[in-house]
Amino acid sequence: MAKPEANPNDERLHAMRHSLAHIMASAIQRLWPETKFGVGPVVENGFYYDIDNSDYKISEEDLLRIEKAMKKIVAADEPFERFEMPVDEAITWAKKYEQPYKLELLNDLKRSGTTVAKELDASELGLEAGKGSKIEDVSFYRNGDFTDLCRGPHVESTGKVGAFKLMRISGAYWRGDEKNPQMQRIYGVAFATEKELRQHLAMLEEAKKRDHRKLGEDLKLFFISDSVGAGLPLLMPRGETIKNELMKYMRAKEEARGYQYVATPVLTQSKLYERSGHASYYLENMYATKSDEEGNVFYLKPMNCPHHHMIYEKMVESYRDLPLRLSEHAGVYRYELSGTLTGLIRMRGPITQNDSHIYVTQNQVEAEFVDVLELFKEVYDETGVKDYWFRLSLPDFSKEKYAGQKKQWEWAGEIIRKSLKVTNSPFVEELDEAAFYGPKVDVQIKNVLGNEDSIATVQLDIVVPGRMNLTYVDAEGNKQHPYVIHKSIMGAFERFMAFLLEQTAGRLPVWLAPEQIRLVTVNQEKKTVEFAEKIAERAKELDLRLTIDDSNESVGKKIRNAELMKIPYIVVIGEKEIESGELLPRVRKDLEVSENHDPHTIEEFLKTIANDAKSRVSKTSL
RNA sequence: GCCACCUUAGCUCAGUUGGCUAGAGCGCCGCUUUCGUAAAGCGGAGGUCCGGGGUUCGAAUCCCCGAGGUGGCUCCA
């Protein structure tokens, strides 16, 4: 349970990948001599290079051409030569060869440290990130007729780079700033051996099958309709069943810990967001609706915090009322850029948030934070979320978006750090990831494609209670502002469902399975169907989700259909079962705990599954 | 929003350099069959080739505009 780190023994592989970035740049320079080059670093599983061709846009069809040219360079086995020159000389070089991006980097280097915005650039150029030391000489690498400003290291020659494949091409803003020109980024994957490359490509194919969007289609869970709009998914009965089970589960968990559920409107006047301060940060991402006769503008709520704060004001007068834990499963709407929308993971609405706000005194902050972190772990254990890690997201004070006083932020960060340590939570720290009103802990996982994603968050708000003038009276009779812990364990239920689907490849645990049992009749005779219906009735009494397939198909076909829907238990019903009154269930492979294939009485079978579902066990106890 | 690519039946996809009435498998409907643990047989229906405009004797195919999707970038309360 930790952030997967790059293996430090992989220096050789790192050099291979970095060398491939240069080889790709060489190939591109030979094909399109006017190309301006940005940076070309090593990334997970491979490398990329950012390039800018004003007269020709490279498309995916060109990748094969570039690959071919690269293979030629590899075959030529050109040596990589390293040499150094003074910065000023390098600047002359960049001017001569009309490489404006390299020139910009060199100018930054000359000024050193002060304007190197991204660590990426720094490591690329041989700067230690964060150090402001002046640079006298810079290093270059040359292979064949291609020379590049680079810190290295590289392999000895272009023949020693292992197996690679160019994957895709995308836009990328120069130095990650959307105000800068957009360059083309070409990605490749690379491994030491052909075999490892093939394995990686096979893994990507496998991951595609687990994509929650594909499972959503195959398992009839949800879809997105052009008529409704981008980012506005429609959940079908099976999808809604999963979501509802998750919501019931979380509500029971939270109520057991003293959270109280509330309900707030989806439509709200702008003045609430002006009071909370959200308006100045997020107005652009809020959906405005028709204004009323008095000219008040209403918004679809993008978050619940200010609404809960209103409830706080109504409920809390004294420190004796704290902590107050409010919770809501609320659908919010956020305008997200069209290019960012991704199935249930990034949508515009309704994003059903598992949202809580805990109002505490200063002395209660740490204990409450620890309690929240423990609840996180409990829920993830029980729902089977694995391989997650925590990220302590701190402000970057060189930016202006963080409100309040630096001292307060440092205190808040330290309390969270302490809570993480007390609960033995593995975590990394990152700057410039905090909310505008306080530092937070994000729960990070890797999705099927190996990208990092946040599934949940808990934030310590040190700003908004003061801004909204939320108060309580302390033991000495003085007015105080409370602290607010914003927490969301499952994030949005839709998104959490998507993660579970990808992690389980659609084989959800029994308690979450939209259909838990399917009865397959051998024939369509009356007594067979009636027998199945009798079982179905009992299942309903036990709150089990069971369906009967008595369609006019072969038994083999009906079993296949049920298997494809990843239904946990399939039971064939025919003469044998009617006579014995016993069932021999076909148990989904991932659920089997032993080689127990004995028949069960109907009551025994149904009750066991009902108990498993109720206690939310992940394996069958049949 | 930006860059590249994609969009043909409910789903997955064919459709040669522009040229017969746009095809297949699965699914769906009907009939036959009444079946024992991953696909029974036969027949049928089903299309605004994403939308709009243009080029052409002729457009699913070429060009322009728009929408939606995919992968990234930027953003993420």
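Note that the structure is predicted; figures quoted are calculated from it, not measured. Chain identifiers are assigned alphabetically (A, B, ...) following the order of the sequence lines, protein sequences preceding nucleic acid strands; residue numbering begins at 1 within each chain.
Remark: C1' of C76(B) and CZ of Arg334(A) are 8 Å apart, rounded to the nearest angstrom. Residue Glu44(A) contributes atom CD, which lies 17 Å from atom P of G71(B) at whole-angstrom precision. Atom C1' of nucleotide A4(B) and atom CD1 of Ile66(A) are separated by 12 Å, given to the nearest angstrom. If you measure from atom CZ of Arg346(A) to atom P of U74(B), you get 12 Å, rounded to the nearest angstrom.
With distances taken from any side-chain atom of Lys57(A) to the nucleotides A40(B), C5(B), C3(B), the minimum falls on C3(B).
Cation-pi geometry between Arg17(A) and Phe47(A) is not met: the NZ or CZ atom fails to fall both under 6.0 Å from the ring centre and inside 45° of the normal.
Contact annotation for Val555(A): backbone-only contact, meaning every heavy-atom pair under 4.0 Å involves sugar-phosphate atoms and none involves a base. Among the protein residues, Tyr187(A) comes within range of the sugar-phosphate backbone only, with heavy atoms under 4.0 Å from sugar or phosphate atoms but none that close to a base. Using a 4.0 Å heavy-atom distance criterion, Lys440(A) is classed as a sugar-phosphate-only contact. Here Arg518(A) lies out of heavy-atom contact (under 4.0 Å) with every strand. Note on Glu577(A): a base of the nucleic acid sits closer than 4.0 angstrom, heavy atoms only. In this structure, Asn552(A) reaches the bases: a heavy-atom distance under 4.0 Å links it to at least one base atom across the strands shown. Residue Glu575(A) is in base contact, counting any heavy-atom pair closer than 4.0 Å across all strands shown. The residue Tyr173(A) sits close to a base: some heavy atom pair falls under 4.0 Å. Among the atoms of the strands shown, base atoms are found under 4.0 Å from some heavy atom of Asn285(A). Among the heavy atoms of the strands, none lies under 4.0 Å from Tyr273(A). Counting non-hydrogen atoms under 4.0 angstrom, Arg168(A) reaches the backbone sugars and phosphates but no base. Within 4.0 Å (heavy atoms only), Lys558(A) reaches no atom of the nucleic acid at all. Residue contacts shown for Leu341(A) are limited to sugar-phosphate atoms, with no base heavy atom under 4.0 Å away. As judged by a 4.0 angstrom heavy-atom cut-off over every strand, Gly556(A) is placed among residues touching the sugar-phosphate backbone only.
Looking at every heavy atom in both residues, Pro482(A) comes nearest to Leu470(A) through CD-O, 3.2 Å.
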For RNA chain B, what dot-bracket results from Watson-Crick or G-U pairs at under 3.5 Å, with [ ] for crossers and | for inter-strand partners? (((((((..((((.....[...)))).(((((.......))))).....(((((..]....))))))))))))....
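Looking only at atom types and distance, the side chain of Glu328(A) has a donor-acceptor partner in the side chain of His308(A) under 3.5 Å away. Side chains of Thr601(A) and Glu582(A): a donor-acceptor N/O pair is absent below 3.5 angstrom, by distance only. Side-chain contact, Gln184(A) with Asp52(A): no donor N or O sits under 3.5 Å from an acceptor N or O.
Looking at which nucleotide of RNA chain B each of Gly343(A) and Glu433(A) is closest to, the 5′-most match is held by Gly343(A). Map Tyr437(A) and Ser59(A) each onto its nearest nucleotide of RNA chain B; the residue landing nearer the 5' end is Ser59(A).
A side chain to side chain donor-acceptor pair (under 3.5 Å) with Glu563(A) holds for exactly one of Arg588(A), Arg586(A), Arg518(A); it is Arg586(A). Residue Val484(A) is tested with Tyr359(A), Tyr312(A), Tyr437(A) for a side chain to side chain contact (heavy atoms under 4.5 Å, CB included); the sole match is Tyr359(A).
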